There are 2 protein chains.
Amino acid sequence: MTDTHLQDYIERIAHLIRSETRIAGADFDLQPIQQSALHYLAHANRYSDTPQAVTEYFGLTKGTVSQTIKALEAKGLLERGADAQDGRKVHLKVTPAGKKLLKKTMPARTVTGVWADMDEGMRTDLLVHLKNLLQDLQRKNEMNAFGVCKTCRFNRKTGDNRFFCELTQEPLRPAETELLCREHETSTA
Amino acid sequence: MTDTHLQDYIERIAHLIRSETRIAGADFDLQPIQQSALHYLAHANRYSDTPQAVTEYFGLTKGTVSQTIKALEAKGLLERGADAQDGRKVHLKVTPAGKKLLKKTMPARTVTGVWADMDEGMRTDLLVHLKNLLQDLQRKNEMNAFGVCKTCRFNRKTGDNRFFCELTQEPLRPAETELLCREHETSTA
DNA sequence: TAATATAGTTTCGAATCGAAACTATATTAA
DNA sequence: TTAATATAGTTTCGATTCGAAACTATATTA
């Protein structure tokens, strides 16, 4: 057992999932990376719903991401919004049509099947391991890890169901704290 | 935690590894899938060193694989051989140049790094989980799982360091039993 | 001997992706 | 208050990936 096995397994699993995703999306003219990006954007908070964040999340280049977003927008699954403070930034909102589509395509069918067949212990173990692996790789590549407020060191609870972000110095609605943030830093508490 | 997380982690990890693999191979004009195929063929036994086997191993189509092989052959990293019994089959041998190259590119650098940072328990846990996941997906897709003789139900030990395959009815050299086989079926012993 | 199955190649077109050049807005330094 | 630099994003380009389908050739089965 060596480190090539790790790379090998990941690659083969990814190929299988990708090939399924391709089939699942074919009925809706949705490519794998388009589905993934749409899925991400449906779960990203207001600091993280930009092309730049998508770029970081998937480790792609900004040119590639720009193409993907253009395609999704043309299909009416995504809408572009301006940023009030920064004229360079673009905010991407998934349209109702986009959300409807996501329900049909994500996750891939056999992933759901395999998941359903696992017992609870196996599920959490697997996710914990994958998460650690991802974070280790991201750390080595000096990338942001992304995460939700609950586990973030910048998150402060200011009352019953009221939260405040110490980084952006803004209050957050409870629902927002469930979304992914590119500025997330694990709390060391 | 839901099944979308699983798909999500796998995809992001795969993207990172792939992007590194691309960089590692750039110096040698080797694409990610070319590296992977070459690596596989360097570890495949004589029943599994064919284009068809590569197709199954990575879950690609035969047309795609044919392209990849052509490219590797043109670069002198792979050589084509005929099958003595079946005129349709092609056997693919990695050349010394190919083996030399593999040592330099596989596995990707940060994968090696992350692996080195893990303790032994973590390593085996992670690999076991990934292997299970892969096999579950393969079972659901009615694909061959690939594996080495040691864990195969067709493998019979016929003496000191002597082995025999009950499926192909052929004796196997000890070194061969360490290679990957597309006909592998887990022994239920 | 004919029909079918399997192994592999070729051709085609769509999509992926990175690299590099480019525009526009922000931030920092002089 | 400019000028320089950094950041966000788009566009263009070309190489590669990939699947689908048509094709050739050999094996197997009827």
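In the text below, chain A, chain B and the rest are named by the order of the sequence lines, each starting its count at 1. None of the values given here were measured: they were computed from a predicted structure.
- Using modelled atom types, one finds no donor on one side chain facing an acceptor on the other under 3.5 Å when comparing B:Tyr57 with B:Arg182.
- Inspection of the A:Asn132 and B:Tyr9 side chains reveals no N or O donor paired with an N or O acceptor under 3.5 Å.
- A nucleotide of DNA chain C counts as in contact with chain A when one of its atoms lies under 4.0 Å from a heavy atom; the first and last such, 5' to 3', are C:dA15 to C:dA26.
- No hydrogens or angles considered: a donor-acceptor pair under 3.5 Å links the side chains of A:Gln34 and A:Lys75.
- Using modelled atom types and a 3.5 Å distance limit, the side chains of A:Asn144 and A:Glu56 yield a donor-acceptor pair.
- Hydrophobic clustering (ILVMFWY, side-chain heavy atoms < 4.5 Å, transitive): A:Leu60 and A:Val90 are in one cluster.
- The residue B:Leu60 sits close only to the backbone: its heavy atoms come under 4.0 Å of sugar-phosphate atoms, none of a base.
- Counting any heavy atom pair closer than 4.0 Å across all strands shown, A:Gly87 reaches sugar-phosphate atoms only and no base atom.
- B:His184 and B:Thr151 are linked by a side-chain donor-acceptor pair at a separation below 3.5 angstrom, with hydrogens and angles left out of the test.
- Remark on DNA chain D: of its neighbouring residues A:Arg18 and A:His91, the 5'-side contact belongs to A:His91, judged by nearest-heavy-atom nucleotide.
- Of the two residues contacting DNA chain D, namely A:His15 and A:Thr50, the nearest-nucleotide position lying further toward the 5' end is that of A:Thr50.
- A:Leu16 places its CG atom 15 Å from the C1' atom of D:dC18, with the value rounded to the nearest Å.
- Contact between the side-chain N/O atoms of B:Gln34 and the OP1/OP2 oxygens of D:dT17 is found at a separation under 4.0 Å.
- Using a 4.0 Å heavy-atom distance criterion, B:Lys62 is classed as a base contact.
- Using modelled atom types, one finds no donor on one side chain facing an acceptor on the other under 3.5 Å when comparing B:Thr21 with B:Gln35.
- For A:Glu170, the CD atom is densely surrounded, since the number of other residues' heavy atoms within 6.0 Å is greater than 12.
- Counting only Watson-Crick and G-U wobble pairs whose two key distances fall under 3.5 Å, DNA chain D forms stems of three or more stacked pairs at C:1-30 with D:1-30.
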